[in-house]
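Note that the coordinates shown come from a computational prediction; the quantities given were computed from them, not determined experimentally. All chains are named by letter (A, B, ...) in the order of the sequence lines, taking the proteins before the strands, and each is independently numbered beginning at 1. Only heavy atoms go into these numbers, but all of them, side chains included; no hydrogens, no water, no symmetry mates.
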Amino acid sequence: MIKITTKDGSYQDYSKGITLGEIASSISPGLAREAMAGKVNGEIMDLMQPIYNDSLVNILTFEDLEGKKAYWHTTSHIMAQAVKRLYPDIKLAIGPSIDNGFYYDFDTEKPFTPEDMESIEAEMAKIIKEDLKLERFELPREEAIKYMQEIGEPYKVELIEDLPDDSVISFYRQGEFVDLCAGPHIPATGKVKAFKLLSLAGAYWRGSEANKMLQRIYGISFPKKKQLNEYLDRLEEAKKRDHRKLGRELDLFSILDEGPGFPFFHPKGMVLKNILEDFWRTEHTKRGYEEIQTPIILNKDLWTRSGHWDHYKENMYFTNIDDGEYAIKPMNCPGSMLLYKRKMFSYRDLPVRMGELGLVHRHELSGVLHGLMRVRCFTQDDAHIFMLPQHIKDEIIGVIDLVDYFYKIFGFSYHVELSTKPEKAMGTDEEWNTAIDALRAALDERGMEYKINEGDGAFYGPKIDFHLKDSIGRTWQCGTIQLDFQMPERFDLTYIGADGEKHRPVMIHRVIFGSIERFIGILIEHYAGVFPAWLAPVQVRLLSITDRSAEYIKGLKKMFEDRGIRLEMDLRNEKIGYKIREARLQKIPYMLVVGDREVENQQVAVRSRKDGDLGAMNVDDFLDKIQNEILEKK
RNA sequence: GCCAAUAUAGCUCAGCUGGUAGAGCAACGGUUUCGUAAACCGUAGGUCGGGGGUUCGAGUCCCCCUGUUGGCUCCA
């Protein structure tokens with residue numbers, strides 16, 4: 001007998017060799033039904049796995065991340081099986097689960113068509129109905145390679161050859177289909193209740209442009225039909241919020257064929273951009289930042305000195321002036337370095353915080369451009385902080401506080417990642433450790449949880465990234481703080497220490513919004529275009545019932561504008577319902593209906609986009625209400 | 001950049017196997033002066049992304065170019 005402890009701390013004896021699935025059944029039939037995989041002493045396993053020793057066992061369902069992964073991974077095998085049944089000559093590459101579903105890469109001469117997807121789905125439904133059991137087996141390396149050669153799967157052979165010497169080489173069989181796979185998998189294909197193939201795409205073998213382009217099919221699956229529908233509804237919801245669609249409908253920005261990746265901001269989009277920038281300036285001034293502006297075009301020598309010529313040339317644009325070579329800046333830092341060097345700093349002057357809303361241009365591959373999210377020119381809300389080593393922790397805390405303050409105002413929650421030294425890095429391990437310790441100390445002192453991204457830092461220093469979460473649960477990397485040893489060295493930055501000698505300052509490089517353009521894109525989708533009053537390009541629209549109220553409305557317009565309210569008038573000869581509909585579609589926070597009654601009482605009838613008809617109010621009361629709302633940024 | 005899909009009026013889209021373009025909304029003109037999500041009538045609007053080819057004839061078929069969309073990172 002062996003002793004099995006479950007996650008609630010209770011334990012029970014079972015006979016040796018019992019499987020996880022049987023344990024789940026003994027706990028409850030419901031759990032047996034929902035069980036997808038299990039964890040034995042922290043190690044993820046199939047339910048079919050027998051246990052021989054006393055163990056701590058946790059049964060995983062679809063509610064657990066690892067349970068989902070197993071579920072999706074099995075669905076990807078079902079898809080591959082269906083493809084092999086329909087097209088026996090197609091070669092299999094890889095088919096993992098991902099954050100939302102799964103994919104499988106296939107090598108096929110003839111790309112899949114949408115009709116093929118339908119027949120694959122139909123075949124998958126058959127495989128699910130057959131309720132094939134999944135069995136795991138292991139083979140020694142040579143046999144595994146031979147086996148895959150025999151069944152004609154060259155990509156699998158390559159994968160096995162690249163596995164480390166000590167790794168267990170496992171396979172999963174379901175009916176006639178066998179695939180190399182580490183697992184775990186759910187016990188039978190019949191457990192997959194609802195699935196859908198979502199998209200087709202090309203993908204390089206092993207993600208490298210040097211390799212062959214394979215055909216990838218993405219899909220998703222759920223234990224309940226309802227969950228699948230909810231997921232598809234969420235995708236629809238995301239589509240409705242698409243900033244490219246809303247950007248056009250709300251007349252905020254456009255990207256024209258004449259400038260791929262170079263956004264045009266319309267007057268209303270510009271209002272939004274200016275509000276964000278004004279807010280940024282105000283908050284930075286309060287925190288001891290100075291603002292600078294450096295040129296967009298600077299000569300080749302500068303970019304050689306900064307290292308960009310060697311490390312970033314592929315992403316840069318160039319031009320000639322007279323006989324000299326120039327580059328259009330992809331980053332603001334070299335310009336900032338020059339401004340630091342304009343004069344001598346004493347240790348008493350530091351830290352120096354130089355902010356710049358700098359327009360940078362970067363050559364992005366044409367295929368990656370995406371609305372405002374991925375562009376070829378954008379405004380970075382950059383700042384470089386030059387300081388003494390002992391300032392590092394406090395300065396970083398200052399930036400963390402600032403990021404926190406900003407994101408909370410927009411209603412974003414966020415998580416933090418700390419990235420450490422990459423393979424190809426400049427500087428010594430000692431320098432890196434000091435820097436990482438400083439970043440960590442700042443995070444710890446601030447009591448922040450963070451994930452470590454081993455080896456994901458910039459080549460010149462470690463970094464803290466802020467990933468914000470929007471209202472429909474997607475995450476976006478925006479803010480970042482990077483410690484940089486390289487630039488101060490390359491530009492020979494100095495300050496005069498208490499000892500009268502020159503010393504090298506430490507520098508950090510940070511952004512809060514990241515790219516203002518991208519941040520606007522995120523805001524549009526986060527709010528679904530329904531901006532809070534402080535951000536709304538038009539805060540109020542005045543609607544006349546008949547043209548008898550036109551003069552009164554024009555008077556209101558002046559009064560509102562004097563109080564800094566952004567407004568529009570709709571004096572057209574249209575019915576009030578029609579005007580309200582249009583104002584609502586434009587997502588304007590307040591609609592003020594003005595007819596004979598309001599003129600007579602010197603009032604306005606307030607309709608809020610959020611709360612509907614609020615009834616008549618005195619004009620001053622309304623102004624106080626909206627101004628308060630704007631002030632509180634609600 | 002690569003793979004695939006796609007490009008028709010300001011927007012959303014129709015146009016079957018080739019026979020010289022159509023709807024709704026928007027716009028504009030007129031009528032209606034109306035109380036909280038679409039009044040009525042009418043008018044105008046497109047060298048069908050660009051170039052080349054096949055054909056008696058091309059929005060439709062073929063080739064090239066450009067833009068757009070979804071992917072190409074998440075390692076069996």
Side-chain angles (χ1 to χ4, degrees), chain A residues 69 73 76-77 80 92-100 102-105 108 110-114 116 144 148 153 155-163 167-172 178-183 185 198-218 239 242 244-245 248-249 251 254-261 314 363-371 453 456 543-550 571-586 591-598 605-609 612-616:
Chain A
K69 293 260 171 191
H73 200 155
S76 96
H77 278 212
L92 302 176
I94 59 167
S97 63
I98 49 176
D99 288 348
N100 282 300
F102 60 88
Y103 66 79
Y104 213 111
D105 285 346
T108 165
K110 195 172 68 70
F112 295 113
T113 64
D116 294 338
M148 284 295 128
E153 294 292 359
Y155 293 96
K156 300 293 178 187
V157 172
E158 193 180 326
L159 289 169
I160 297 169
E161 281 169 346
D162 289 351
L163 287 173
S167 52
V168 173
I169 299 169
S170 58
F171 293 85
Y172 280 79
V178 176
D179 196 2
L180 170 74
C181 187
H185 279 280
L198 296 171
S199 63
L200 281 171
Y204 299 108
W205 167 237
R206 299 196 149 175
S208 165
E209 281 182 60
N211 294 334
K212 186 166 185 188
M213 174 73 67
L214 307 172
Q215 298 296 317
R216 175 172 297 180
I217 303 180
Y218 285 91
K239 224 182 256 175
D242 192 313
R244 294 165 299 185
K245 178 171 129 70
R248 184 174 54 237
E249 288 170 1
D251 198 18
S254 48
I255 299 176
L256 306 174
D257 291 354
E258 288 81 352
E314 298 301 303
H363 180 68
E364 298 289 349
L365 294 178
S366 59
V368 305
L369 301 177
H370 179 91
N453 260 342
D456 216 28
L543 313 175
S544 60
I545 302 251
T546 72
D547 49 22
R548 288 191 297 279
S549 52
L571 304 179
R572 292 174 305 169
N573 178 12
E574 293 290 351
K575 296 180 93 161
I576 194 65
Y578 182 78
K579 293 186 183 185
I580 285 169
R581 178 185 152 80
E582 287 208 334
R584 274 194 63 86
L585 290 174
Q586 283 294 306
M591 291 152 270
L592 302 185
V593 177
V594 180
D596 295 339
R597 289 205 296 269
E598 287 72 27
V606 180
R607 184 187 174 101
S608 131
R609 189 181 193 288
D613 193 349
L614 301 179

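- With contacts defined as side-chain heavy-atom distances shorter than 4.5 Å, the pair A:Val593/A:Ile545 qualifies.
- In this structure, the separation between CG on A:Leu180 and CG on A:Leu163 is 6.5 Å, given to the nearest 0.5 Å.
- Taking atom P on both nucleotides, B:A58 is separated from B:U12 by 29 Å, rounded to a whole Å.
- The listed nucleotides are B:A37, B:A76, B:G35; the one nearest the side chain of A:Ile576 is B:G35.
- When each of B:A76, B:A39, B:G35 is scored by its nearest atom to the side-chain atoms of A:Pro96, the top-ranked nucleotide is B:A76.
- Across the protein-nucleic acid pair, A:Glu582 atom CD and B:U36 atom P stand 17 Å apart, rounded to whole Å.
- In this structure, A:Leu614 and A:Ser608 approach most closely via the heavy-atom pair CD1-CB, 3.9 Å.
- Evaluation of the side-chain hydrogen bond (donor to acceptor under 3.5 Å, both in side chains) rule for A:Ser544 yields A:Lys579 as partners, not counting sequence neighbours.
- Of the listed nucleotides (B:U36, B:C3, B:U33), B:U33 has the atom at the smallest distance from the side chain of A:Thr546.
- Distance CG (A:Asp116) to C1' (B:A5): 14 Å, rounded to an integer number of Å.
- Taking 4.5 Å as the limit, some side-chain heavy atom of A:Glu582 sits within range of a side-chain heavy atom of A:Arg572.
- A residue-by-residue look at A:Asp596 and A:Leu163 shows that A:Asp596 has its nearest nucleotide of RNA chain B further toward the 5' end.
- Rounded to whole Å, the separation between the C1' atoms of B:C16 and B:G52 comes to 28 Å.
- Inspection of the A:Tyr204 and A:Arg206 side chains reveals no N or O donor paired with an N or O acceptor under 3.5 Å.
- Comparing the C1' positions of B:A9 and B:G19 gives a spacing of 23 Å, expressed to the nearest Å.
- Rounding to whole angstrom units, CG of residue A:Leu592 and C1' of B:G35 are separated by 14 Å.
- Within the nucleic acid shown, A:Ile94 comes within 4.0 Å of sugar-phosphate atoms alone, with no base atom in reach, counting heavy atoms only.
- Residues A:Leu592 and A:Leu543 form no side-chain contact, since every pair of their non-hydrogen atoms from C-beta on lies 4.5 Å or further apart.
- As rounded to the nearest Å, B:G1 and B:C64 have P atoms that lie 15 Å from one another.
- A:Tyr103 is not listed as a side-chain neighbour of A:Ser76, based on a closest heavy-atom distance of 4.5 Å or more.
- The CG-C1' distance, from A:Leu585 to B:C25, rounds to 11 Å in whole Å.
- For the P atoms, the distance linking B:A14 with B:U6 amounts to 12 Å, nearest Å.
- In RNA chain B, runs of at least 3 stacked Watson-Crick or G-U pairs (N1-N3 plus N6-O4 or O6-N4, or N1-O2 plus O6-N3, all under 3.5 Å) give these stems: B:1-7 with B:66-72, B:10-13 with B:22-25, B:27-31 with B:39-43, B:49-53 with B:61-65.
- To the nearest angstrom, C1' of B:A37 lies 14 Å from CD of A:Gln586.
- For A:Lys575, counting side-chain heavy atoms from C-beta on, the closest listed nucleotide (B:C74, B:A39, B:A76) is B:A39.
- Legend: residues meeting side-chain contact (heavy atoms from CB on, under 4.5 Å) with A:Leu200, ordered by chain and number and at least two apart, are A:Phe112, A:Met117, A:Ile217.
- Counting any heavy atom pair closer than 4.0 Å across all strands shown, A:Val157 reaches no nucleic acid atom.
- Within 3.5 Å, a donor on the side chain of A:Glu598 pairs with an acceptor on the base of B:G35, or the reverse.
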Problem - Nucleotide-resolved protein contact map, nucleotides 64-73 of chain B, B/S/- at heavy-atom distance under 4.0 Å - result: ---SSSBBBS

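- Here B:C74 presents its P atom at 15 Å from CG of A:Asn453, a figure rounded to the nearest Å.
- With no hydrogens or angles considered, a side-chain donor-acceptor pair links A:Tyr104 and A:Asp179 at under 3.5 Å.
- Rounded to whole Å, the C1' atom of B:C48 lies 4 Å from the corresponding atom of B:U8.
- If you check B:A26, B:A76, B:G35 against the side chain of A:Leu159, the one that comes closest is B:A76.
- For A:Tyr172, the side-chain hydrogen bond (donor to acceptor under 3.5 Å, both in side chains) partners are A:Asp46, A:Arg136, not counting sequence neighbours.
- If you take atom P in B:C40 and the same atom in B:G67, they sit 44 Å apart, rounded to whole Å.
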Exercise for the section: Evaluate the salt bridge (charged side-chain N to carboxylate O under 4.0 Å, His left out) criterion for residues A:Arg216 and A:Asp105: first the C-alpha distance (whole Å), next the side-chain angles of each, then the deciding distance (0.1 Å), finally the verdict. Expected result: CA-CA 4 Å; A:Arg216 175 172 297 180; A:Asp105 285 346; 2.6 Å; yes

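- Distance A:Ile545 CD1 to B:G35 P: 7 Å, rounded to the nearest Å.
- Between A:Tyr578 and B:C25 there is no side-chain polar atom (N or O) within less than 4.0 angstrom of OP1 or OP2.
- Taking atom P in both B:U47 and B:G59, the straight-line distance is 13 Å, to the nearest Å.
- Atom CD1 of A:Ile580 is separated from atom P of B:A38 by 9 Å (rounded to the nearest Å).
- A:Gln215 comes within contact range of the sugar-phosphate backbone alone, with a heavy-atom separation under 4.0 Å but no base atom that close.
- Residues A:Arg248 and A:Ser254 fail the side-chain proximity criterion, which asks for heavy atoms closer than 4.5 Å.
- When side chains are defined from C-beta on, A:Tyr155 does not count as touching A:Met148, because their heavy atoms never get closer than 4.5 Å.
- Looking at heavy-atom distances under 4.0 Å, A:Ala583 makes no contact with the nucleic acid at all.
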Dump every N/O contact between nucleotides 10-14 of chain B and the protein below 3.5 Å, one line per pair.
unit_1 : atom_1 : unit_2   : atom_2 : d
B:U12  : OP1    : A:Arg248 : NH2    : 3.0

